[in-house]
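Structure record follows, encoded as structure tokens.
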Amino acid sequence: MLTRDWLKAFLPIGVIEDGMWKPLGAGVLFVEERLLWLVTAAHVVTTADSGARHATLVGRKGGGVAVLNLTDFFKQAGINWQVDPAYDLALGLMPVLPDFDIRALEKGQCLRVSDVLPSFQCYTVGCPYGARGFDPSRAATPLVQGGVIAGVDETQMRIYITAPTFPGNSGGPLLLVKPPYAANGSVTIGPRTVFFAGIVSDFLTARMPDGDGIHPELPPLHLGVAVAADAVLGLMESKGARALVEFAKKTS
């Protein structure tokens, strides 16, 4: 089960067009050395028009939601997104305001791809097709969809999941429930624990081919694709990210 703290680490990401906020995808917050990172899929923040103003919705402690213009914040601070095109990842520094009702993950809450096994229960947190929950009093709440780990490609840092994924899920976190079992079959005494396992990047569909083409009567296979947490941690430790950290320390 996911607590409200887990859900408060999620932020929807979109653009401001004609004075309105339009959803594009999602992101997840990390905290490190008192700095707040927003991590998302690179295509969420790079495929919009060059003049687009990216913004995120942030819940307020007193209720309601704030629209945070990330483009203007980056411009004023003299910073930009750090992008890893190979893994379709992006991260940027976030401002911290007293009335923000948010939580952030830490590196210790990440599960390495080598410890992710098929059949583990998992969840995606995002805004599929721009939907932002069903409670109108909670304007920034996400939709949570569940499934299991279908397969893992450690070499490519990809995790394949059965949780439904659609446009708008991109950039959102893949959360995993790790049961008290080790890869060798031994049991570790203790409760099940929720971990951050990666960033949702894409989805794939495939049909069963035959000698004459495809079987139209069979439903297609639909799997979500996430970039493993290892790649996220690698981007956070990259030269560009470290330079941002030093810049933020000097200007704070």
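How far CG of L89 is from NE2 of H43: 10.5 Å, rounded to the nearest 0.5 Å.
Not a single donor-acceptor pair under 3.5 Å links the side chain of E237 to the backbone N or O of G234. Checked by atom type and distance alone, the side chain of D153 never pairs as donor or acceptor with a backbone atom of R158 at under 3.5 Å. Under a 3.5 Å cut-off, the side chain of D18 and the backbone N or O of M20 do not form any donor-acceptor pair. Between the W37 side chain and the L29 main chain, no donor and acceptor come within less than 3.5 Å of each other. Under the 3.5 Å distance criterion, the side-chain polar atoms of H222 are matched with a main-chain donor or acceptor of T165. Between the N169 side chain and the F166 main chain, a donor and an acceptor come within less than 3.5 Å of each other.
Look at E246 and K239 and you find no salt bridge, because none of the NZ, NE, NH1 or NH2 atoms lies under 4.0 Å from a carboxylate O. Classification of K61 and D101 as a salt-bridged pair fails, no side-chain N sitting under 4.0 Å from a carboxylate O.
In plain terms, the two heavy atoms of A26 and T40 that are nearest each other are O-OG1, 2.6 Å.
Y123 is not listed as a side-chain neighbour of L176, based on a closest heavy-atom distance of 4.5 Å or more. F73 has its side chain within reach of I79: a pair of non-hydrogen atoms, C-beta onward, lies under 4.5 Å apart. A heavy-atom distance below 4.5 Å is not found between the side chains of E154 and D230. Taking the side chain as every heavy atom from C-beta outward, M94 and L11 approach each other to under 4.5 Å.
Enclosure of atom NZ in K107 by more than 12 non-hydrogen atoms of other residues, nucleotides or ligands within 6.0 angstrom is indicated.
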List the steps, then state whether side chain to side chain contact (heavy atoms under 4.5 Å, CB included) holds for V148 with I161. CA-CA 6 Å; V148 298; I161 59 177; over 6 Å; no
